[in-house]
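First comes the structure, then the notes that go with it.
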There are 2 protein chains.
Amino acid sequence: MATGRTHRPATRSRGIPEATVARLPLYLRALTALSERSVPTVSSEELAAAAGVNSAKLRKDFSYLGSYGTRGVGYDVEYLVYQISRELGLTQDWPVVIVGIGNLGAALANYGGFASRGFRVAALIDADPAMAGKPVAGIAVQHTDELEKIIEDNGVHIGVIATPAGAAQQVSERLIAAGVTSILNFAPTVLQVPDGVDVRKVDLSIELQILAFHEQRKAGEEATAEAVVADAVAEAAAKDVKDTAAEQSAEAKRTAAAEAAVPSAARAEATARTESTDRKGPDGDVPAVMPA
Amino acid sequence: MATGRTHRPATRSRGIPEATVARLPLYLRALTALSERSVPTVSSEELAAAAGVNSAKLRKDFSYLGSYGTRGVGYDVEYLVYQISRELGLTQDWPVVIVGIGNLGAALANYGGFASRGFRVAALIDADPAMAGKPVAGIAVQHTDELEKIIEDNGVHIGVIATPAGAAQQVSERLIAAGVTSILNFAPTVLQVPDGVDVRKVDLSIELQILAFHEQRKAGEEATAEAVVADAVAEAAAKDVKDTAAEQSAEAKRTAAAEAAVPSAARAEATARTESTDRKGPDGDVPAVMPA
DNA sequence: CCATCTTTGTGCACGCGTTCACAAAGACAT
DNA sequence: ATGTCTTTGTGAACGCGTGCACAAAGATGG
Ligand SMILES: NC(=O)c1ccc[n+]([C@@H]2O[C@H](COP(=O)([O-])OP(=O)(O)OC[C@H]3O[C@@H](n4cnc5c(N)ncnc54)[C@H](O)[C@@H]3O)[C@@H](O)[C@H]2O)c1
Ligand SMILES: NC(=O)c1ccc[n+]([C@@H]2O[C@H](COP(=O)([O-])OP(=O)(O)OC[C@H]3O[C@@H](n4cnc5c(N)ncnc54)[C@H](O)[C@@H]3O)[C@@H](O)[C@H]2O)c1
């Protein structure tokens, strides 16, 4: 889910591959668990299993950090925890602000995993005047007016956006102008940011859609005759539109497509459909325009 | 953040690359926004800009679905919305259960973006008897005892796990045994699942750590002499441990590493450190073992 | 009907990431 | 000290994803 990486060629000689960086937290978590159980050393095989990756991959990942293992024995757990933590910049304290203290923002503020790894919630910010001063997770919510001052006073470089989609772009601009250079975005929008600013996004809806794709695949394999037929109907209808429209004006084609697509979709759905609600998300989230 | 994909070679002839699948929801969102504004057609260039990707990539992605564009004009918005929706399996209704109705689970249940794309929250499940019957987002929470029955009765194939990390593996096993084949996991654990089950994870902590890594990089570039020195000290201490330990037994090396790593880390931190809290997350989240 | 202009669809090359497989390093026993 | 056994670190091959660049398709205007 990485986005917006400028992927500068790393002036620094030691360039750790992005894919490796993304796995380091995984290794760190597994190592921390071992450390708690006072396990002194661990082999690449064992650790890889715990982290859910290939052991060769893990060894190669570690090789980018240096030679921290001992052949015939494995890796020293405590030592590796320290090295990875240092590489990830976790040996220092990162003040973080959360903007948008609604359902999600409040949950994030309450999340313990935040503080447990060197991240400190420096402030909670919301545009709703009614929220101002109200404590969430033991911290008083501050109004958006204070945003710039908060960022600057606390030397914040990492911001979390949990506002409605419509406000996200503007919020990101204010954060960046005030000094933030890393953003974790929970709003379903593509943020436009200048070079040098890293954006990572977490999008529940996208994750579910990807799962749905594979789920449909699985269902399609033990294809019920019924489903195949329904699909064929939809397919045929779609093709008809295309072929017919080819001989028409672009305008006519568009109309034909829109009209034909809906009924065919409805037909394909008929088998599984339970209830057709009005698809209209709250906040700025765009409603799906699928057949109603 | 894809995980656990079995990556079966796709019996079906039409194999859409995983990277493309992950982008389809992005395109769909941009297209839906255009559709709302009644924009009839869109060029690959425009749509790519809206989705934040390269236009060549977008065209190639669409080419896997078929030839849905018109040269010299672009793509028909409505038609493309339908095709992508169908490809993602969004023309059918997917019942979803959320397990673990705490801070996060409740926020998810309240999230409108869920229902807005063909996903229907079929049930909310929690192990806490006190929660049972309590309505969250208009749905009564049900007890874990009912899990299997709920899954089977509603034909649920997609499950969301928002329990503490310690419970996640067990919950996933029950879900899978009851018929779930796709899991969206918010708990910070690597789930062990059988072939044929897709798992995608959302891990806030990992995202922040990745951001911290890049943030540290940026800070290192306009390296203050102070920071360089502190880093060098830590580095030297670390090296010392390694070199010295090489002449000792593994046991001694481990001890030396553990002891030396802490003070050197503390030293490196000294500049930026604000407050050293006891790192102990709630729930099953593993506490970081870094210098206290 | 022809010319021009726009935009798609894709062949191709390149770079990154993954995985295999193995030589070398080192622990440990004798 | 020497041999055996375990496990690392990495060279090399491969496959996937990305982006360039362009030919072909088709719209549009004269
Ligand atoms: N709730 C979830 O589970 C969930 C899941 C995935 C994505 N999201 C996304 O996260 C975002 C927040 O979701 P939510 O359910 O918490 O919504 P919400 O409506 O409960 O909360 C949004 C909050 O943002 C505040 N806000 C609005 N404009 C603002 C601005 N310009 N500056 C600062 N604050 C502002 C509002 O006052 C409100 O408190 C949405 O974009 C949503 O699509 C939510
Ligand atoms: N809150 C966040 O912003 C956030 C962010 C990232 C990750 N997470 C992770 O998501 C998970 C939930 O976080 P939270 O803040 O909501 O925690 P929480 O403690 O508020 O909620 C956990 C809920 O799960 C229920 N539960 C416990 N064991 C269960 C079981 N076996 N079956 C069903 N339900 C069970 C508990 O009764 C509780 O209601 C945690 O693993 C956390 O690490 C949370």
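In the text below, chain A, chain B and the rest are named by the order of the sequence lines, each starting its count at 1.
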Interatomic distance where [atom1] belongs to [X] and [atom2] belongs to [N] [whole Å]:
X: A:R23; N: C:dG17; atom1: CZ; atom2: P; value: 9 Å
X: A:Y68; N: D:dT10; atom1: OH; atom2: P; value: 13 Å
X: B:L58; N: D:dG19; atom1: CG; atom2: P; value: 12 Å
X: A:D76; N: D:dT7; atom1: CG; atom2: P; value: 16 Å
X: B:E45; N: C:dC5; atom1: CD; atom2: P; value: 19 Å
X: B:E18; N: D:dC16; atom1: CD; atom2: P; value: 12 Å
X: B:L80; N: C:dT8; atom1: CG; atom2: C1'; value: 13 Å
X: A:L47; N: D:dT7; atom1: CG; atom2: C1'; value: 14 Å

* To do: Give the intermediate values and the outcome of side-chain hydrogen bond (donor to acceptor under 3.5 Å, both in side chains) for residues A:S35 and A:E78.
  => CA-CA 7 Å; A:S35 170; A:E78 296 297 332; 2.7 Å; yes
* **A:Y75 side-chain N/O to D:dG9 phosphate OP1/OP2 under 4.0 Å** => yes
* Asked: Do the side-chain N or O atoms of A:S44 get closer than 4.0 angstrom to the phosphate oxygens (OP1, OP2) of D:dT7?
  -> no
Picking from [options], which would you name as closest to the side chain of [X]?
X: B:R71; options: C:dT19, D:dC22, D:dA25; value: D:dA25
X: A:V73; options: D:dA23, C:dA21, C:dA27; value: C:dA27
X: B:K57; options: D:dG17, D:dG9, D:dG19; value: D:dG19
X: B:R59; options: D:dT18, D:dT8, C:dT8; value: C:dT8
X: A:T70; options: C:dA27, D:dC22, D:dT10; value: C:dA27
X: A:A19; options: C:dG17, C:dG9, D:dG17; value: C:dG17

* Can any side-chain N or O of A:W94 pair as donor or acceptor with the backbone N or O of A:H157 at less than 3.5 Å? -> no
* **Greater than 12 external heavy atoms within 6.0 Å of A:E173's CD** => yes
* Structure fact -> Nearest-nucleotide check on DNA chain C, B:K60 vs A:N54; residue mapping nearer the 5' end is B:K60
* Return the 5'-most residue of the pair A:G72, A:A56 with respect to DNA chain C, ranking by each residue's nearest nucleotide. => A:A56
* What's the verdict on side-chain contact (heavy atoms from CB on, under 4.5 Å) for B:F62 and B:Q83, showing C-alpha distance, side-chain angles and the deciding distance? -> CA-CA 10 Å; B:F62 286 173; B:Q83 289 298 343; over 6 Å; no
* State yes or no: are the ring centers of A:Y68 and A:Y75 separated by less than 6.0 Å? => no
